[in-house]
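These figures come from a predicted structure and were not determined experimentally. All chains are named by letter (A, B, ...) in the order of the sequence lines, taking the proteins before the strands, and each is independently numbered beginning at 1.
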Amino acid sequence: MEILLSKLNTFGNALPGDITQGLIWGVLAIGVYLTYKILDFADLTVDGSLGLGGVTAVVLITNGVPVPVAMIIAFLAGCCAGLVTALLNTMLGIPGILAGILTQLALYSVYLDINGKANAPISVDKFPLVISSRYVTAGNEVMDIIRTVGTALIFVVLIVAALYWFFGTEYGMAIRATGCNSAMSKAEGINTKRTTIITLSLSNGLVGLSGALLAQYQGFADVNMGRGAIVIGLAAVIIGMVLGEVILRKHFNFVGKLAFTALGAIIYFVVLRIVMLIGLSTDNTKLFSAVIVALFLAVPYLQKNAKTSFRKAGKRSLLGESTEPQPVLSAASGSDDKEDK
Amino acid sequence: MLELKNIHKAFNRGTINEKKALNGVTITLEDGDFVTIIGGNGAGKSTTLNAVAGVWPVDEGAVIINGQNVTGLSEHRRAKFIGRVFQDPMTGTAATMEIQENLALAARRGQSRGLSWGISRKEREKYHEMLKMLDLGLEDRMTTKVGLLSGGQRQALTLLMATLKKPEILLLDEHTAALDPKTAAKVLELSDKIIAEEHLTAMMVTHNMADAIKHGNRLIMMNDGRIIYDVKGEEKKNLTVDDLLRKFEEVSGSKLNNDRMLLAKD
């Protein structure tokens with residue numbers, strides 16, 4: 001009982017931090033939503049552009065560039081990463097997944113070129129960072145905690161609002177059409193290469209911005225900070241979609257989808273905290289994210305299979321034969337029939 | 001006006017699977033011509049339409065629309081001249097988008113798309129009126145996702161989309177082949193009506209010889225990537241399905257090999 005209480009206490013103390021982290025990763029997840037859901041493009045650039053955004057922001061801020069400017073440049077750096085993947089895909093014909101992997105790998109070197117070494121620390125004491133985990137842990141003023149969570153929330157809300165506007169415009173609609181039906185889009189005069197380029201850039205820009213926020217939040221950028229980021233992003237998107245469908249049903253519109261993507265990221269980190277309190281070691285967090293994504297992707301498939309599969313069809317065919325004049329089989333399947341009913 | 005001048009197209013060139021799909025297709029469509037295209041399997045019917053639409057670059061020849069040579073323009077840049085309806089009802093519309101959004105996309109065919117709102121209130125009212133004319137009840141479902149519509153509804157919508165912004169050429173590629181007979185007849189009737197009202201220039205591939213005779217003012221028959229028979233006016237009106245079959249054997253020296261076409265003789 002005491003152990004349980006102390007664990008609950010730890011959970012409560014960590015909750016604001018987990019929510020903040022979830023919101024920051026939510027920015028990344030919204031970026032993943034744009035490619036994975038809207039454009040139907042599995043973009044693995046994300047693993048590289050998160051670290052790129054982080055290190056860009058840290059290096060610029062430590063060299064005296066104002067924090068907002070550094071974050072805008074981190075966003076643009078992410079855009080460039082997405083642009084490279086998009087060009088590899090649209091202009092050089094490299095399959096999307098491979099194009100993303102190539103960029104992601106190259107960004108590892110780019111990171112080291114920018115920083116010179118794997119780790120890039122930044123202290124909230126020396127620089128006016130917009131967000132830091134320092135002020136969100138237990139023992140801080142309630143106002144400080146609210147301010148930290150609120151800052152992350154404001155970023156998510158502004159991004160959702162901006163994307164809602166953008167995807168309602170003529171060009172945004174052209175992007176949605178590209179992801180849905182590229183043959184139709186071309187027939188309607190849409191340059192599908194250009195829509196792909198712009199979406200990948202925008203998506204990775206958001207991932208870069210997420211990296212800039214994350215580096216400030218945790219007080220450092222690291223060359224490995226993006227490893228597995230795509231999986232966390234996907235987990236957030238998928239959790240968000242499943243929840244949204246259940247809760248909002250018919251009213252699950254575009255804003256809802258973006259908001260639930262961010263909510264999915266929060267849930268991911270809260271659940272991660274819970275399984276860690278139960279006993280998952282930090283070494284196994286990546287295993288956890290992989291299992292979560294595999295699980296959520298598998299469920300719809302299994303549900304479909306539960307309704308229709310060869311095994312079931314085979315069973316049904318035997319039941320059907322009970323009407324045929326085949327004494328041996330009909331006796332056996334006849335009893336099955338009764339049991340089922 | 002559409003001119004095709006000596007169009008050649010081969011697929012898988014230089015490989016053992018090389019297939020010469022078009023072998024010098026030349027035809028001129030006057031404004032308001034409604035041409036039906038028939039022919040055997042692999043005769044080049046759909047390929048001709050794709051050459052006009054610019055799905056891929058042709059090997060030889062020129063595509064000229066209203067005096068402008070569009071041979072060098074890619075598919076999306078050529079789209080401003082061309083309205084298209086495809087065989088597969090899934091191809092012509094964006095399933096995850098609303099009916100009104102699909103229409104708004106089509107209304108901007110060939111225009112540069114910017115950052116103004118994707119669909120205005122005025123447009124919405126216009127689409128409501130247009131959908132009413134289809135008489136499918138779609139006007140009350142404008143925010144419904146197109147994926148929820150039936151094949152016939154989707155083809156009717158695609159037809160509306162293809163002609164929403166008046167095209168110089170309307171390409172109908174077996175657009176009723178995937179529909180049940182009753183729905184197919186309805187969509188064909190609608191096609192006729194729109195083409196006549198808007199005075200459109202159109203090409204329609206069909207496997208139904210009776211339809212090919214009944215609709216349009218001109219009929220062409222293709223074989224081996226060539227036009228082997230071109231008939232219009234009174235002569236076309238008086239054609240029968242048997243005439244067409246005989247004509248085919250006469251010109252091509254073989255029997256028509258299109259099973260679907262033979263099955264749909266009546």
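- Counted within 6.0 Å of CG on L248(A), heavy atoms from surrounding residues, nucleotides or ligands total more than 12; the atom is thus considered enclosed.
- With a 4.5 Å cut-off on non-hydrogen atoms, F167(A) does not touch chain B at all.
- For the pair I30(A) and A262(A), the tightest heavy-atom approach, listed with the atom from each and the gap, is CD1-CB, 4.5 Å.
- The two residues S191(B) and L159(B) come nearest to each other via the heavy atoms OG-CD2, 3.4 Å.
- For the pair L105(B) and M184(A), the minimum side-chain heavy-atom distance is below 4.5 Å.
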For side-chain contact (heavy atoms from CB on, under 4.5 Å), just list the numbers for N66(B) and M1(B), CA-CA rounded to whole Å, side-chain angles, deciding distance to a tenth of an Å, and then say yes or no.
CA-CA 5 Å; N66(B) 277 354; M1(B) 196 172 83; 4.0 Å; yes

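- With sequence neighbours excluded, the residues satisfying side-chain contact (heavy atoms from CB on, under 4.5 Å) with L76(A) are I72(A).
- Contact of A106(B) with chain A is made through backbone and side chain together, with heavy-atom distances under 4.5 Å.
- The two residues A229(A) and L28(A) come nearest to each other via the heavy atoms O-CD2, 3.8 Å.
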Counting backbone as well as side chains, what donor-acceptor pairs lie under 3.5 Å between chain B and chain A?
from    : atom 1 : to      : atom 2 : distance (Å)
M90(B)  : O      : N181(A) : ND2    : 3.1
T91(B)  : O      : N181(A) : ND2    : 2.8
T93(B)  : O      : N181(A) : ND2    : 2.9
E101(B) : OE1    : R176(A) : NH2    : 2.9
E101(B) : OE2    : R176(A) : NH2    : 2.6
R108(B) : NE     : E170(A) : OE2    : 2.6
R113(B) : NH2    : E188(A) : O      : 2.7
G114(B) : N      : E170(A) : OE1    : 2.9
G114(B) : O      : Y171(A) : N      : 3.0
S116(B) : O      : E170(A) : N      : 3.0
G118(B) : N      : G168(A) : O      : 2.7

